[in-house]
Amino acid sequence: MLRKFREERLREIEELRRAGINPYPYKFNKTHTTQDIKEQFQYLQNGEVTDKRVSTAGRIMSLREHGKSAFFHLKDTYGRVQAYVRKDKTENFEFFKDHITVGDIVGIEGVVFKSNTGEITVLVEKFELLVKPLRPMPEKWHGIKDKEILYRQRYVDMIANDETIKRFRIRSEIIRLIREFLNAKGFYEVETPILQYLTGGASARPFVTHLNVFDIDMYLRIATELHLKRFIVGGFDKVYEIGRIFRNEGISYKHHPEFTSIELYQAYADYEDMMNLTEELVTYVVEKLFGTLKITYQGHEIDFTRPWRRVKMRDFIKERLGIDILEDSDEKMANFLKSKGVEVDIQDRGHMIEKLWDLVENEVVQPTFLLDHPVEISPLAKRHREDPRVTERFELIIFGREMANAFSELNDPVDQLERFMNQLRLRDLGDEEAQMLDKDFVRALEYGMPPTGGLGIGIDRLVMLLTDSPNIRDVIAFPLVRPEGDVDIEDLVENEALEIPTDERRERA
RNA sequence: GGGCCGCUAGCUCAGUAGGUAGAGCACCUGACUCUUAAUCAGGUGGCCGUGGGUUCGAGUCCCACGCGGCCCA
């Protein structure tokens, strides 16, 4: 069927060429989006006709032919608008009837009216075929449900499912609003290396690659933190970077090896300031997007109304599990975890504390600042001014997920070096996620970094929350999937001299 | 890594007890000048994920593998 369909289409394209019609024309002057048309002509009464001319373009998603007339819907970035062709009104109506069908991308020009049934419609006077696809469109009513197609061929998902285009529009909008907010506050957007000699700023396993020109292995960054702080050392007061982070770890509904973060640093600020900034930034985005601070995620109401709850990590775990992560012995924690059936790979107090938190994180649903993490799990955060066993750190937790992480940044180079050395001890214990010693970073701190507040937000998780998406892959346009078998396009090519090789990625597999 | 589920037409899905492969949409032909899942009549379309096994006979039962999903680690 597919083969036959493509052959028929290729024949039709040849036919068009012979008739002097270019099936792949160069441009079309589109004056209105589908949304513009629907907004500007909302006021029309049913059956009311205007003489207002518009031109628009998009893909034909549905077609209802009636002999000497036809209705169809055009889809673009913003949605769909109906159009109407008629033998007595549309130039070249016969061409439409013979050659235009669902899936074609066309440009139309005409006047706007509202149908008797109340739908804003363009009465087409002229139209132009802009491309004739070789493949059939997905089913118009059910769209695409097969997750494999959604992820591997996102373009098909976007064609078939209007919500998908909308979701990625919102993603773009969220990032735009974050920039708008920070730029207005005087932050500079900067860029730091993705290729790094050694990598740090987070506990994660890095990707390794090779730089030919120096013949050395390099890492893809696992965070932007250590370089952004160098900007602060150098004299920038407020910087941020939005960018791709790479962590060579598992894939789950909330993890993806390649994801997007924003980190920002503000000199002369502490984590209290960062909490206020986080509240302000997130509520700015939510309010601008939805006009309200209450949203629904997977059937649960999430209320962003300020101020958000603040709870110390120690208090929360003690309340839920009866374990005091500051006072109780390693042995008591180990026994407790064992009784819960939790395995701890690395025998270290910090790792046990992380596991304890994992047991209770799902109990936090509404936006909550989890405060004052122990020093051993926060190697880049400054010690708390009132209790040196913990740090001035918070994580923003929503719906059991870490959405943001922030500290009063550690700027004492001696303490920082000690923290790094402790991380090296963990490496020796087999913890491949422990941080590497970045001597240049310590050297930078020796030149003096002002007191600084820093904040990192996981953009993908924020987008999941604000688009009601259950899986992080739903908000990453082209998520990782295992390489598929060879993609069959051979029979499209008539020229036998053109030998199409098998997909390279399959060869490597 | 472990458990469970799925893979049938371009898409969404049926497939009984192991006995010649089905529907809707899409596509092709025809009718139809306000339809909107348009309607009506006719038609085309299948490596049933891949490989092996059991059987007179496998989409269906068994084994292995591939890809995907969900849950757990």
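Chain identifiers are assigned alphabetically (A, B, ...) following the order of the sequence lines, protein sequences preceding nucleic acid strands; residue numbering begins at 1 within each chain.
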Open item on the list: Can you measure A:Asp157 atom CG to B:G10 atom P for me and round it to whole angstrom units?
Closed with: 20 Å
- [ ] Using the P atom on both, measure B:C4 against B:G46 and round to a whole Å.
- [x] 36 Å
Open item on the list: In this structure, which stretches of RNA chain B are paired as stems of three or more consecutive Watson-Crick or G-U pairs, both distances less than 3.5 Å?
Closed with: B:1-7 with B:66-72, B:10-13 with B:22-25, B:27-31 with B:39-43, B:49-53 with B:61-65
- [ ] Produce a footprint string for nucleotides 29-34 of chain B: one letter per nucleotide, 5' end first; B if the base is under 4.0 Å from any protein heavy atom, S if only the sugar-phosphate is, - if neither.
- [x] ---BBB
TODO: Please identify each residue that fulfils salt bridge (Lys or Arg N to Asp or Glu O under 4.0 Å) with A:Glu402, with sequence neighbours left out.
DONE: none
TODO: Please figure out whether A:Gly118 or A:Phe5 has its closest RNA chain B nucleotide nearer the 5' end.
DONE: A:Phe5
Open item on the list: Counting C-beta onward and ignoring hydrogens, is there a side-chain heavy-atom pair between A:Asp76 and A:Lys30 closer than 4.5 Å?
Closed with: yes
Contacts table for residues 66-73 of chain A: side-chain donor-acceptor under 3.5 angstrom, sequence neighbours left out:
from	atom 1	to	atom 2	distance (Å)
A:His73	ND1	A:Ser62	OG	3.3
A:His73	ND1	A:Arg64	NH2	3.4
A:His73	NE2	A:Glu119	OE2	2.7

- [ ] In whole angstrom, give me the gap between the P atoms of B:U29 and B:G45.
- [x] 16 Å
Open item on the list: Nearest whole Å is fine: how far is B:U35 P from A:Phe96 CZ?
Closed with: 17 Å
Open item on the list: Rounded to whole Å, how long is the line connecting atom CD of A:Gln82 with atom C1' of B:A38?
Closed with: 11 Å
TODO: In whole angstrom, give me the gap between the P atoms of B:U44 and B:G24.
DONE: 13 Å
Task: A:Arg425, CZ atom: more than 12 neighbouring heavy atoms under 6.0 Å - done: yes
Task: Value in whole Å for how far the C1' atom of B:C65 lies from CZ of A:Arg482 - done: 13 Å
Open item on the list: What's the gap between B:G66 and B:U50 when it is taken at their C1' atoms, as a whole Å value?
Closed with: 7 Å
- [ ] Return no unless some side-chain N or O of A:Thr121 is found under 4.0 Å from OP1 or OP2 of B:U35.
- [x] no
- [ ] For A:Glu8, enumerate each residue passing the side-chain contact (heavy atoms from CB on, under 4.5 Å) test, keeping only those at least two apart in sequence or located in another chain.
- [x] A:Lys4, A:Arg11
TODO: Starting from P on B:G10, measure out to NZ on A:Lys4 and report it in whole angstrom.
DONE: 12 Å
For residues 163-171 of chain A, please give each side-chain donor-acceptor pair under 3.5 Å, one per line with the distance, not counting sequence neighbours.
from	atom 1	to	atom 2	distance (Å)
A:Thr164	OG1	A:Asp157	OD1	2.8
A:Thr164	OG1	A:Asp157	OD2	3.3
A:Arg167	NE	A:Asp474	O	2.7
A:Arg167	NH2	A:Asp474	O	3.2
A:Arg169	NH1	A:Thr77	O	3.0
A:Arg171	NH1	A:Asp460	OD1	3.0
A:Arg171	NH1	A:Val475	O	2.6
A:Arg171	NH2	A:Thr260	OG1	3.3
A:Arg171	NH2	A:Asp460	OD1	3.2

- [ ] Could you give me the CA-CA distance, side-chain angles and deciding distance for A:Arg80 and A:Leu74, then say whether side chain to side chain contact (heavy atoms under 4.5 Å, CB included) is met?
- [x] CA-CA 5 Å; A:Arg80 303 177 183 215; A:Leu74 275 192; over 6 Å; no
Open item on the list: In whole Å, measure the gap between the C1' atoms of B:A26 and B:A38 for me.
Closed with: 15 Å
- [ ] Apply side-chain contact (heavy atoms from CB on, under 4.5 Å) to A:Glu258 and list each qualifying residue two or more places apart in sequence or on a separate chain.
- [x] A:Arg244, A:Phe246, A:His256
Task: With sequence neighbours excluded, residues passing ring-ring contact (aromatic ring centres under 6.0 Å, His included) with A:His300 - done: A:Phe399
Open item on the list: When the C1' atoms of B:C28 and B:A64 are compared, how many Å lie between them, rounded to an integer?
Closed with: 42 Å
Task: Value in whole Å for how far the P atom of B:A26 lies from CZ of A:Phe72 - done: 17 Å
Task: Short side-chain N/O contact from A:Arg64 to OP1 or OP2 of B:A37, under 4.0 Å - done: no
TODO: Provide the distance between the two P atoms, one in B:G18 and one in B:C56, to the nearest whole Å.
DONE: 16 Å
Task: side-chain contact (heavy atoms from CB on, under 4.5 Å) partners of A:Ser55, counting only residues at least two apart - done: A:Phe28, A:Thr31, A:Glu109
Task: Separation of B:U44 C1' from A:Arg11 CZ (nearest whole Å) - done: 13 Å
Task: Touch class at under 4.0 angstrom, heavy-atom based, for A:Arg152 against every strand present - done: sugar-phosphate
Using a cutoff of under 3.5 Å, can you pull out all pairs of nitrogen or oxygen atoms linking the protein to nucleotides 70-73 of chain B, with atom names and distances?
from	atom 1	to	atom 2	distance (Å)
B:C70	OP1	A:Asn471	ND2	3.0

TODO: Not counting sequence neighbours, which residues clear salt bridge (Lys or Arg N to Asp or Glu O under 4.0 Å) with A:Arg59? List them please.
DONE: none
- [ ] Could you give the distance separating B:A58 and B:A21 at their C1' atoms, to the nearest angstrom?
- [x] 13 Å
- [ ] Using a heavy-atom cut-off of under 4.0 Å over every strand shown, decide if A:Gly103 touches base, sugar-phosphate, or nothing.
- [x] nothing
Open item on the list: Check this for me: A:Gln45, atom CD, are more than 12 non-hydrogen atoms of other residues, nucleotides or ligands nearer than 6.0 Å?
Closed with: no
TODO: Send over the distance from A:Arg6 CZ to B:G45 P, rounded to a whole Å.
DONE: 17 Å
TODO: Under the side-chain contact (heavy atoms from CB on, under 4.5 Å) rule, collect the residues that match up with A:Tyr24, sequence neighbours excluded.
DONE: A:Ile13, A:Arg17, A:Asn22, A:Val131
- [ ] Please evaluate the base of B:U35 for a donor-acceptor partner in the side chain of A:Glu119 within a cut-off of under 3.5 Å?
- [x] no
